[in-house]
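Structure record follows, encoded as structure tokens.
Chain letters run A, B, ... following the sequence lines, proteins first and then strands; every chain starts at 1. Just so we're clear, the structure is a prediction, and the values are computed from it rather than from any experiment.
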Amino acid sequence: MVRVRFAPSPTGPLHMGGVRTALYNYLFAKKNKGTFIIRIEDTDQNRFVEGAQEYIMDAMKWCGIMPTEGPGIGGEYGPYIQSERQHLYKPYALRLIKDEKAYYAFDTPDELEIVREQAKTMGMPNWQYNGITRTNLKNSLTLPHDEVEKRLANGDAYVIRMKMPRNTDVRFEDKIRGWVTVNTNNLDDKVLFKSDGMPTYHLANIVDDHLMKITHVIRGEEWLPSAPLHVLLYQAFGWEAPEFAHLPLLLRPDGPGKLSKRDGDRLGFPVFPTNWITAEGELYSGYREKGYFPEAFINMLSLLGWNPGTPQEIFSLDDLVQEFSLERVSKSGAKFDAEKTKWFQAQYLRSKSNEELAELLSQKLIKKYDKIILIKVCELMKERATFIDDIYTEGKYLLDKPETYDENTVAKKWKEDSAELMNEWKTILLAINEFTAENIEIKFKEFLTEKGLGIGAVLPLFRLLLTGQGIGPSMFEIASFIGKEESRNRIEEGITKLQIKH
RNA sequence: GGCCCAUUCGUCUACCGGUUAGGACAUCAGGUUUUCAUCCUGGAAAUAGGAGUUCGAUUCUCCUAUGGGCUACCA
């Protein structure tokens with residue numbers, strides 16, 4: 001039975017890299033008929049951000065990748081928030097001490113800072129608390145037994161550190177990267193239990209993954225360096241380790257480095273699934289609010305680091321569940337491409353029915369329009385739109401008469417005799433009984449022949465009067481859609497306004 | 001600096017020893033369109049460098065370079 005977890009810490013909003021990690025966990029779970037769990041890793045009380053947890057849940061809900069176990073959802077292995085499980089970690093740390101796999105350390109952060117500084121001035125930039133240096137520091141391995149007891153009884157501050165074995169190769173097989181080997185001489189005596197009574201990520205993570213019967217750990221590559229420590233911890237507890245899969249990172253589209261929360265608005269695209277407003281009132285924009293469909297966002301994200309091995313690019317969430325496999329996740333980091341995201345969005349917009357789009361458009365408009373009208377507007381505009389908003393902003397003349405007339409088109413097309421020409425056309429237009437696009441087109445062509453004029457000399461004028469624009473969908477469709485009366489009004493009003501300008 | 005991971009068109013990627021190195025986005029050209037968008041056709045565009053292994057390397061190994069991650073009582 002596959003059980004995977006997404007384990008964010010509530011230190012802020014979840015950015016797209018995190019969403020992708022959640023997505024891959026979700027896909028892997030569903031693909032294998034397993035369970036997808038969310039666990040909140042809030043062991044760092046200093047970095048807790050109000051509202052972050054709610055944001056994470058809300059964002060996942062929007063993306064359609066909700067877990068089936070987690071805070072507020074339920075499940076047999078709760079609680080799913082680490083701060084609510086606080087009491088259960090210490091016994092495990094103590095057990096490690098008893099088995100001589102860990103020890104008490106009494107050095108204060110300030111003392112260690114001094115040691116680090118000294119090491120640095122001596123040309124060692126990378127001082128570690130490890131098998132060698134620990135012999136000169138204050139811990140239960142160096143201090144006399146009774147002093148350790150005294151300090152503990154005294155309530156002195158202490159941490160519990162991993163007693164990293166010397167010169168041992170730790171090997172594990174990553175599902176994505178293959179075998180990874182690290183020698184323990186490069187690893188330090190990581191703190192497992194902090195002086196504030198909280199476990200560190202490493203301890204809490206291993207204990208919870210074990211207790212929650214996690215079978216596969218799918219997480220970002222930034223965890224790869226600490227995976228050997230985790231493997232060692234499983235060994236120390238005598239537990240079977242889960243499978244590991246370390247996902248490639250999402251990189252900045254421009255320069256070097258991994259995607260960070262400030263990149264988005266600086267480069268003109270969101271890095272967050274939904275809007276996030278900081279306590280200071282600063283806004284980080286999200287895909288949802290920018291008008292992206294969650295399907296488009298998820299589709300784009302799914303292909304950033306994974307591919308199906310076929311040319312198919314459009315995937316529903318269900319398709320992804322069918323096709324997904326960790327074996328096809330790539331090893332190298334992916335630069336995110338905002339243009340392609342827009343392309344996905346446009347594809348999904350077009351794939352929706354006019355009725356569906358009209359409903360969405362209707363929700364966005366303050367002024368209410370008849371649904372039948374909005375459906376037609378969507379039909380005329382959706383091929384040229386990327387977002388729902390575009391349908392309105394680029395086609396609002398379909399709903400209301402133009403307020404202004406495009407300067408360029410006026411300058412280029414509106415001539416001395418244009419008013420007269422359009423008046424003649426108006427007379428013909430108003431004489432049409434059945435005001436269909438086909439009939440208007442027939443009459444228009446006849447008019448051109450009669451006047452001996454090309455289509456390019458006349459139709460732009462007609463478009464200008466009816467829409468105020470120089471570009472847009474079929475003029476005959478537009479005229480038919482707004483109707484004879486409205487066409488008459490717009491032509492008359494337009495001529496008046498443009499003549500004044502001229 | 002140390003450790004780990006990675007490296008195919010501008011970007012995302014396919015290829016799991018033998019291909020004219022394929023696709024998508026973007027880009028350019030042509031066609032369609034009153035126009036713009038869509039759509040159609042076509043073009044340009046890549047195996048980081050060097051050694052090996054092999055009859056044969058994009059593919060396997062090593063070195064170098066580059067990029068990235070980690071290096072906290074943060075996750």
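Separation of the C1' atoms belonging to B:rC73 and B:rA14 is 47 Å when rounded to the nearest angstrom. For the C1' atom pair drawn from B:rC15 and B:rU58, the interatomic distance equals 8 Å after rounding to whole Å.
Across all strands shown, the partner of B:rU27 is B:rG43, judged by Watson-Crick or G-U wobble contacts whose two distances both fall under 3.5 Å. The partner of B:rU7 is B:rA65, by the rule that a Watson-Crick or G-U pair needs both atom distances under 3.5 Å. Base pairing of B:rU32 is not made with any nucleotide, judged by Watson-Crick or G-U wobble geometry with both donor-acceptor distances under 3.5 Å.
Regarding A:Glu383, its CD atom lies at a distance of 13 Å from the C1' atom of B:rU33, rounded to whole Å. In this structure, CZ of A:Phe269 is placed 15 Å from P of B:rU11, rounded to the nearest angstrom.
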Polar atom pairs between nucleotides 1-6 of chain B and protein, under 3.5 Å, N or O only, would you list them?
from  : atom 1 : to       : atom 2 : distance (Å)
B:rG1 : N2     : A:Asn126 : OD1    : 3.1
B:rG1 : N2     : A:Asn126 : ND2    : 2.6
B:rC5 : O2'    : A:Arg177 : NH1    : 2.5
B:rC5 : O2'    : A:Glu221 : OE2    : 3.4

Check nucleotides 28-31 of chain B against the protein and report each pair of N or O atoms closer than 3.5 Å, with its distance, or say if there are none.
none

Would you tabulate the nitrogen or oxygen pairs shorter than 3.5 Å linking the protein to nucleotides 19-25 of chain B?
from   : atom 1 : to       : atom 2 : distance (Å)
B:rA24 : O4'    : A:Glu313 : OE1    : 3.0
B:rA24 : O2'    : A:Glu313 : OE1    : 2.2
B:rA24 : O2'    : A:Lys340 : NZ     : 2.8
B:rA24 : N3     : A:Lys340 : NZ     : 3.3

Heteroatom pairs (N/O) under 3.5 angstrom, protein to nucleotides 14-16 of chain B:
from   : atom 1 : to       : atom 2 : distance (Å)
B:rA14 : OP1    : A:Asn307 : ND2    : 2.9
B:rA14 : O3'    : A:Arg328 : NH2    : 3.4
B:rC15 : OP1    : A:Arg328 : NH2    : 3.4

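Looking at A:Asp44 and A:Tyr201, their side chains never bring a donor and an acceptor atom within 3.5 Å of each other.
Counting non-hydrogen atoms under 4.0 angstrom, A:Gly123 reaches nothing in the nucleic acid.
If you check B:rU11, B:rA75, B:rU34 against the side chain of A:Lys335, the one that comes closest is B:rU11. Distances from the side chain of A:Tyr201 to the nucleotides B:rU34, B:rC73, B:rA75 place B:rA75 closest. Side-chain proximity of A:Arg350 to the nucleotides B:rU35, B:rC74, B:rC39 is greatest for B:rC39. Across B:rA75, B:rU35, B:rC12, the shortest atom-to-atom separation from the side chain of A:Glu222 is found for B:rA75.
Applying the side-chain hydrogen bond (donor to acceptor under 3.5 Å, both in side chains) test to pairs two or more places apart or on separate chains, none has a residue in residues 113-125 of chain A. Within the structure, every pair that satisfies the ring-ring contact (aromatic ring centres under 6.0 Å, His included) test and touches residues 160-183 of chain A, not counting sequence neighbours, is listed here: A:Phe172-A:Phe244.
A sub-4.0 Å separation between OP1 or OP2 of B:rC74 and a side-chain N or O of A:Thr43 is absent.
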